[in-house]
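Worksheet: one structure, shown below.
Reminder, nothing fancy here: chain letters follow the sequence lines and each chain counts from 1.
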Amino acid sequence: MCLFGGVRYIDSPCPANVWRLDAGALPMISSMQINGIRLDCPFLHSLTSRILSRQSEIVSLVSSHIGAYQYSHPSHGLTPFSIGSRDHLSQLLFEHLQIQGHGPIEKTPTGKRYVVSEDSLAPFKCSHPIVPLIIEWHSIDKLRTTYTEPLPRLVDSDSRIHTHFNVTVAATGRLSSSSPNLQNIPIRTPLGREVRRAFIASPGCYLVSGDESQIEMRWAAHGSRDPIMIEVFNRGEDIHAKTACGVFGRDYNDVMSWDQNSEKFKRWKKEERAPSKNLGFGVLYGLTAEGLQRNILTESEGEIYWPVEKCQTFINQFFTMYPALRELMETQYRRARRYGMVWDAFGRVRLVPEAKSCHRKISNEGERKAGNHYEQSSAQGTVKLAMAQMSPVVEDIAKSYKCLSLLQIHDQLIFDVDKRIAEEFSMILQGELEHASPLVVPTLSSRDIAETWVDL
DNA sequence: CCACGTACACCC
DNA sequence: AAACGGGTGTACGTGG
């Protein structure tokens, strides 16, 4: 079976095939770097101002609570308290104020001080009024110093911002983006998401995006030929909902018949589907029972405690449900131990020499890297094929309309397209994403059209 | 002043 | 006993 540019599926290391695959995507990668994406700088400046005034407000609130407290430096004596310093926070909260909460007080791996990350402080939110303020200060400080302040400084004379896509950095063949990194623009929190409002289409254009849906899971289904996974995707069912039903003993069709707006359904989604979704990702990443426990603990802000045994059972049930997936992963572990390498569906090799180590900790690390390579690397292959297919389409449309390739964010492609042709373009894009590399299951993708990135 | 490691936070 | 895959950027602290 031959795909675009002579690329084929091959279950053995094949650098020549990978070379063809990567070469096909390069023209579009190059265009993306040259084109750049238009940035609304005044908007980012206003975000910066909002953040700065809230930060100074928080600093005065905190000072009013801690009075004359000063940080006691190990060698420099008393120094003014700085809210940005983790050392200062550790001493203030856990030594000076000695706050207590319903969670453990952890030390950093080096044992130098207590952990003051947002995750670790969450169980102490109610212990002292300054704790939530400190968490808020740090979260908005991140947005300001990483996004709202630096980005406007990097635009060209057309107000466009150009990233570098590195093609030889990620071991799985993914692209990485730097100077600036446009693959980690915030989306999770409402304020963070606002940063996306600054990425806008050219005049007379829309941003058009195409998104591979569940592409790593579909590759897992393809590579393992797991009958249940294949059935789920063939029927167009929700894989995470299906997992939840299998693990918690419910009937899929029964759950799906519930009113989606009912409290019952929302509770099921939160308590059973969400953990199952985490489980699905986690399993692909070589999840351990302890890792899952930690994940659930932090995600519930210390409210839900699952014993390790329960987590292990939860993981085992996942593999009981999808037995062929376990076999695929064990094949990868075996290859990693035996050959010190694994490969994806296109023959892209990932070296994991540490998997051969006789130290369990080291070899487990190697196996975890190996375990995810097939899915992540093959998924990236799919997107690169779609980029290769789209290149001439973009070139052709660009003869009559404005049409620019902008960004690749792992399973998503973003373009800047004349409004008159955006709808048609998005249909073509969706088609290419869905048919660039056919699997034993359908490869669905979504498409979207909007004025700004936040609305995509 | 610079270089580096650590801790943390953001993304898929 | 046990840190779940792949990335980049920032601030802080230390040491040259």
Could you measure between the two C1' atoms, the one in B:dT6 and the one in C:dA3, and give it in whole Å?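 Going atom to atom, C1' in each nucleotide, I get 16 Å.
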Sticking with atom C1', work out how far B:dA9 lies from C:dA2, rounded to a whole angstrom. 24 Å
Can you measure [X] atom [atom1] to [N] atom [atom2] for me and round it to whole angstrom units?
| X | N | atom1 | atom2 | answer |
| --- | --- | --- | --- | --- |
| A:E375 | C:dG5 | CD | C1' | 10 Å |
| A:D141 | C:dA11 | CG | C1' | 8 Å |
| A:L292 | C:dA2 | CG | C1' | 14 Å |
| A:R348 | C:dG6 | CZ | P | 14 Å |
| A:Q380 | C:dG7 | CD | P | 12 Å |
| A:N166 | C:dT8 | CG | C1' | 10 Å |
| A:L279 | C:dG5 | CG | C1' | 15 Å |
| A:L287 | C:dA3 | CG | C1' | 11 Å |

Just to be sure I understand the rule, does [X] reach a base, reach only the sugar-phosphate, or reach nothing, if contact means heavy atoms closer than 4.0 Å?
| X | result |
| --- | --- |
| A:A171 | sugar-phosphate |
| A:H73 | sugar-phosphate |
| A:R350 | sugar-phosphate |

Could you tell me whether the phosphate oxygens of C:dG13, OP1 or OP2, come under 4.0 Å of any side-chain nitrogen or oxygen in A:S85? yes
Under 4.0 Å from OP1 or OP2 of C:dT8: is there any side-chain N or O of A:S176 that close?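 Indeed, a polar side-chain atom of A:S176 lies that close.
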Value rounded to 0.5 Å, distance of [atom1] in [X] from [atom2] in [Y]:
| X | Y | atom1 | atom2 | result |
| --- | --- | --- | --- | --- |
| A:N278 | A:S276 | CG | OG | 9.0 Å |
| A:S120 | A:Y114 | OG | OH | 13.0 Å |
| A:L407 | A:I185 | CG | CD1 | 8.5 Å |

Where does the angle between the aromatic ring planes of A:F346 and A:Y9 fall among parallel (under 30°), tilted (30 to 60°) and perpendicular (over 60°)?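 A:F346 vs A:Y9 ring planes: tilted.
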Give me the ring orientation class for A:F425 and A:F415: parallel if the planes are under 30° apart, tilted from 30 to 60°, perpendicular past 60°. perpendicular
Scan residues 439-456 of chain A against DNA chain B and write down, sorted by residue number, each residue with any heavy atom closer than 4.0 Å; if none is found, say none. none
At a heavy-atom distance below 4.0 Å, what parts of residues 329-344 of chain A sit against DNA chain B? none
ring-ring contact (aromatic ring centres under 6.0 Å, His included) involving A:H88 - partner list, sequence neighbours excluded: A:Y71
Of all residues at least two apart in sequence or in a different chain, which pass the ring-ring contact (aromatic ring centres under 6.0 Å, His included) check with A:F233? none
Per-nucleotide protein contact string for nucleotides 6-12 of chain B, where B marks a base within reach and S marks sugar-phosphate only (heavy atoms under 4.0 Å, - for neither): SSSBBSB
Between A:N181 (side chain) and A:Q183 (backbone), is there a donor-acceptor pair under 3.5 Å? yes
A:K310: partners by side chain to side chain contact (heavy atoms under 4.5 Å, CB included), with sequence neighbours left out: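 For A:K310 the side chain to side chain contact (heavy atoms under 4.5 Å, CB included) partners, ignoring immediate neighbours, are A:W306, A:P307.
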Assess the pair A:F43 and A:F199: is the distance between their ring centroids shorter than 6.0 Å?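 That pair fails the under 6.0 Å test.
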For residues A:R218 and A:S213, report the shortest heavy-atom separation together with the two atoms involved.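 Smallest interatomic distance, heavy atoms only, reads NE-O, 2.7 Å.
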Of A:L47, A:I51, A:L44, which is the lone residue that meets side chain to side chain contact (heavy atoms under 4.5 Å, CB included) with A:R144?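 Among A:L47, A:I51, A:L44, the one that satisfies the side chain to side chain contact (heavy atoms under 4.5 Å, CB included) with A:R144 is A:I51.
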